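What follows is a single structure, written as structure tokens, with notes after it.
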Amino acid sequence: MRRGLAERITHPADRRSKPVHLTEEGQAAAARAIDILTTPPDALLALPPEDIQALDRVMARLLNCPQAGDQDQLTDHLTPRIPSAARGPLPGWAHPFSRVGDPPVGQSRQMRCGVLDIGSRSVHLKIADLAPGGPPETVTTLKRPVRLAEATDAEGVIHPDAVQSLIGAVTEAAAASAAHEVDELVPFATSAVRDATNRDAVLAEVEAATGVRMTFMSGVEEARLTFLAARAWHGWSAGRMLLLDIGGGSLEIAYGGHAEPAIALSLPLGAGRLTRRHLPDHTPVKKRTVKELRRHVCSVIEEATAELRQQPTPTSYVATSKTFTQLARLTGTPVPASGASGAATGRGPGIQALRRDDLRPWPLRLATLSDAQRAQLPGISAARAHQSLAGAVVAEAVMKVLGVKRLTICPWALREGVLLERLIALAPQAPSVTALPSPRRAAPTSPISKTTV
């Protein structure tokens with residue numbers, strides 16, 4: 001800010017918040033930096049994909065080889081240009097000081113990771129420090145509205161103005177990542193881009209303008225990673241866990257008793273999608289319309305969850321997402337105080353919960369209110385007021401179909417799941433262990449001696 005590249009501007013919806021924005025000079029500097037970091041030499045661009053993959057494998061082996069010489073020097077030159085296969089399935093942008101390659105056996109490494117989540121309503125960047133043995137430690141976050149879903153027409157095409165808004169948000173996120181010396185940026189888009197008919201053109205335009213190679217994440221992968229985050233938050237004591245997540249474009253459902261879910265589903269029942277396709281723009285909404293929407297949602301969920309409903313009864317019922325959080329507030333659950341007892345374990349007075357009995361009357365109540373009136377209710381923001389009715393319908397319907405009486409709201413979700421997967425990859429390799437010879441067993445002399453040791 002001393003150099004005039006950034007400034008703090010009072011948030012129009014919350015005057016207590018003064019987020020940092022890039023100035024015109026800052027945006028220009030960020031664009032120059034991104035161009036330098038992400039422009040490969042012409043000779044590399046001319047290589048066919050199979051040669052680039054072979055080169056990537058060779059360089060990864062060289063960087064991991066103790067005889068490779070100055071690994072830091074190699075890393076500085078190669079990392080901005082060649083996305084290492086070791087970084088996982090979500091290609092993106094890497095800081096020039098990325099620490100590439102696995103550490104020696106028995107040693108761990110640390111990294112600073114940025115997760116760039118392009119959702120239906122906003123672009124959200126979360127930067128966190130990762131170190132094995134500890135949770136992701138948030139460094140900073142950045143959120144910019146883009147409203148891609150609202151800018152998608154009946155043919156599924158995202159409007160050019162929304163694409164330009166997306167480019168601006170991604171440029172700002174990339175600049176923030178560079179300013180915080182992020183080792184790896186993981187950019188991904190969810191249902192709004194994934195389901196767009198012009199998604200390939202959008203991804204190409206964003207990459208050409210920002211240098212950030214974005215990809216779209218499948219709905220099932222969203223469910224899997226969100227489950228991973230919820231499992232890490234609630235721990236093994238949660239037992240068999242059922243996870244629900246309502247986004248703008250889709251509903252994710254996951255179930256299992258381990259770190260990875262045994263069943264992961266993604267259904268086209270997002271609050272924003274249903275609002276655009278099944279509800280009128282005007283309010284109040286007729287009771288008949290709400291009931292028809294509920295029947296549709298129940299039908300889709302019942303058909304998709306036949307196998308899930310045959311599984312053993314879950315021990316824990318967990319929900320993530322803004323939609324469930326706002327519904328918990330709406331039905332009377334207070335906001336957890338910072339550092340409240342139980343906040344780290346998901347137990348105690350610091351948690352939020354949503355009960356179906358409390359939620360049941362709210363869809364019809366919301367149908368009678370205008371967007372402005374909904375925004376005056378606890379937990380519902382002005383930005384989400386229009387789709388709050390559809391969110392309440394989906395939440396109540398999925399709880400009914402799956403027999404859920406009460407949901408615990410988990411503060412960790414998809415972005416934390418991506419960070420945790422990267423954190424798992426940083427864990428040190430277990431050193432080899434020398435097996436001890438088996439003790440010589442004496443001949444059994446009594447029934448107790450027959451017990452296997």
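In this text the structure is predicted, and so the values were computed from the model without any measurement.
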Query raised in the report: When rounded to the nearest 0.5 angstrom, what distance separates OG1 in Thr331 from CG in Leu377?
Result: 11.5 Å

Requested in this report: Hey, could you give me the CD/CZ distance between Glu396 and Arg356, rounded to the nearest 0.5 Å?
Outcome: 4.5 Å

Requested in this report: Write down the atom of Ala232, the atom of Leu420, and the distance for their closest heavy-atom approach.
Outcome: CB-CD1, 3.5 Å

Query raised in the report: Would a 4.5 Å heavy-atom cut-off, applied to side chains only, mark Leu407 and Phe324 as touching?
Result: yes

Requested in this report: Taking all non-hydrogen atoms of both residues into account, name the closest pair between Ala209 and Ile167 and its distance.
Outcome: CB-CG2, 3.6 Å

Query - Side-chain (Asp153) to main-chain (Gly156) donor-acceptor, under 3.5 angstrom - result: yes

Query raised in the report: Is the backbone N or O of His124 less than 3.5 Å from a side-chain atom of Ser122, with the two atoms forming a donor-acceptor pair by type?
Result: no

Query - Contact check, side chains of Ser266 and Ser250, non-hydrogen atoms, under 4.5 Å - result: yes

Query raised in the report: Is a donor on one side and an acceptor on the other found under 3.5 Å between the side chain of Ser381 and the backbone of Ala375?
Result: no

Query raised in the report: Any side-chain heavy atom of Val193 within less than 4.5 Å of one from Thr190?
Result: no

Report task. Is it possible for you to check whether Arg199 lies under 6.0 Å from the centre of the six-membered ring of Phe216, through NZ or CZ, and within 45° of that ring's axis? Result -> yes

Query raised in the report: Do other residues, nucleotides or ligands put more than 12 heavy atoms under 6.0 Å from the CZ atom of Arg365?
Result: yes

Query - Beyond-backbone contact of Glu207 with Pro187, side-chain heavy atoms, under 4.5 angstrom - result: no

Query raised in the report: Would Met214 and Leu116 satisfy side-chain contact (heavy atoms from CB on, under 4.5 Å), going step by step from the backbone distance to the final call?
Result: CA-CA 9 Å; Met214 202 169 61; Leu116 183 57; 5.9 Å; no

Report task. Please indicate whether Asp161 has more than 12 foreign heavy atoms, meaning atoms of other residues, nucleotides or ligands, lying under 6.0 Å from its CG. Result -> yes

Requested in this report: List for me each residue that meets side-chain hydrogen bond (donor to acceptor under 3.5 Å, both in side chains) alongside Glu205, sequence neighbours excluded, and say none if there are none.
Outcome: Gln164

**Report entry** Side chain proximity check, Glu260 to Phe227, heavy atoms < 4.5 angstrom
**Finding:** no

Report task. Show your reasoning for whether salt bridge (Lys or Arg N to Asp or Glu O under 4.0 Å) applies to Asp195 and Arg273. Result -> CA-CA 11 Å; Asp195 299 336; Arg273 183 195 298 265; 2.5 Å; yes

Report task. Examine distances only and state if a side-chain atom of Ser177 and a backbone atom of Ala173 form a donor-acceptor pair shorter than 3.5 Å. Result -> yes

Query raised in the report: Say you draw a straight line from CG of Leu274 to CZ of Arg294; how long is it, rounded to the nearest 0.5 Å?
Result: 14.0 Å

Query raised in the report: Under 3.5 Å, is there a donor-acceptor pair between the side chain of Arg224 and the main chain of Leu228?
Result: no

**Report entry** Separation between CD1 of Ile424 and CG of Leu419, rounded to the nearest 0.5 Å
**Finding:** 11.5 Å

Report task. Return yes if a side-chain donor-acceptor contact under 3.5 Å exists between Asp371 and His386, otherwise no. Result -> yes

Report task. Measure the CG-OG distance between Leu244 and Ser321 for me, rounded to the nearest 0.5 Å. Result -> 9.0 Å

**Report entry** side-chain contact (heavy atoms from CB on, under 4.5 Å) between Leu389 and Val285, intermediate numbers included
**Finding:** CA-CA 9 Å; Leu389 170 56; Val285 179; 4.0 Å; yes

Query raised in the report: Is there a donor-acceptor pair closer than 3.5 Å between any side-chain N or O of Arg194 and the backbone N or O of Met217?
Result: yes

Query raised in the report: Just wondering, more than 12 heavy atoms not from Gln373 lying within 6.0 Å of its CD?
Result: yes

Report task. Output the distance between atom CZ (Arg276) and atom CG (Asp281), rounded to the nearest 0.5 Å. Result -> 11.0 Å

Query raised in the report: Of all heavy-atom pairs between Leu369 and Arg374, which one has the smallest distance, and what is that distance?
Result: O-NE, 3.3 Å

Report task. Taking the side chain as every heavy atom from C-beta outward, state whether Val123 and Leu166 have any pair of such atoms under 4.5 Å apart. Result -> yes

Requested in this report: Using the side-chain contact (heavy atoms from CB on, under 4.5 Å) rule, take Leu148 and Ile118 through it: C-alpha gap first, then chi angles, then the decisive distance, then the call.
Outcome: CA-CA 9 Å; Leu148 297 178; Ile118 292 90; 3.7 Å; yes

Report summary line: Note: Ser191 and Ser120 closest approach over all heavy atoms is OG-OG, 3.6 Å

Query raised in the report: Hey, is the main chain of Ala383 close enough, under 3.5 Å, to the side chain of Arg121 for a donor-acceptor pair?
Result: yes

Report task. May I ask you to decide whether Glu172 forms a salt bridge with Lys143, counting only side-chain N to carboxylate O separations under 4.0 Å? Result -> no

Requested in this report: Check Leu125 against Ala176 and note the closest heavy-atom contact, atom names and distance.
Outcome: CD2-CB, 4.0 Å

Query - Student check: side-chain heavy atoms of Tyr255 and Leu243 closer than 4.5 Å - result: no

Query raised in the report: With distance as the sole criterion, is a donor-acceptor pair present between the side chains of Arg309 and Thr305 under 3.5 Å?
Result: yes

Requested in this report: Please test Glu416 against Lys126 for salt bridge (Lys or Arg N to Asp or Glu O under 4.0 Å), starting from the C-alpha separation and ending with a verdict.
Outcome: CA-CA 9 Å; Glu416 288 75 19; Lys126 181 169 186 174; 2.6 Å; yes

Query raised in the report: Just by distance, do the side chain of Thr226 and the backbone of Glu222 share a donor-acceptor pair under 3.5 Å?
Result: yes

Report task. List the atom of Tyr317, the atom of Arg406, and the distance in Å for their closest heavy-atom pair. Result -> CB-O, 3.4 Å

**Report entry** Over 12 non-hydrogen atoms of neighbours within 6.0 angstrom of NZ in Lys322
**Finding:** no

Query raised in the report: Taking Ser388 for the side chain and Ala385 for the main chain, is one N or O donor matched with an acceptor at less than 3.5 Å?
Result: yes

Report task. Determine whether Ile127 and Arg112 make a side-chain contact, defined as any pair of heavy atoms from C-beta on separated by less than 4.5 Å. Result -> yes

Query raised in the report: Would Gln110 and Leu426 count as a side-chain contact (heavy atoms from CB on, under 4.5 Å) if you check the C-alpha gap in whole Å, the side-chain angles of each, and the deciding distance to 0.1 Å?
Result: CA-CA 7 Å; Gln110 299 182 3; Leu426 292 176; over 6 Å; no

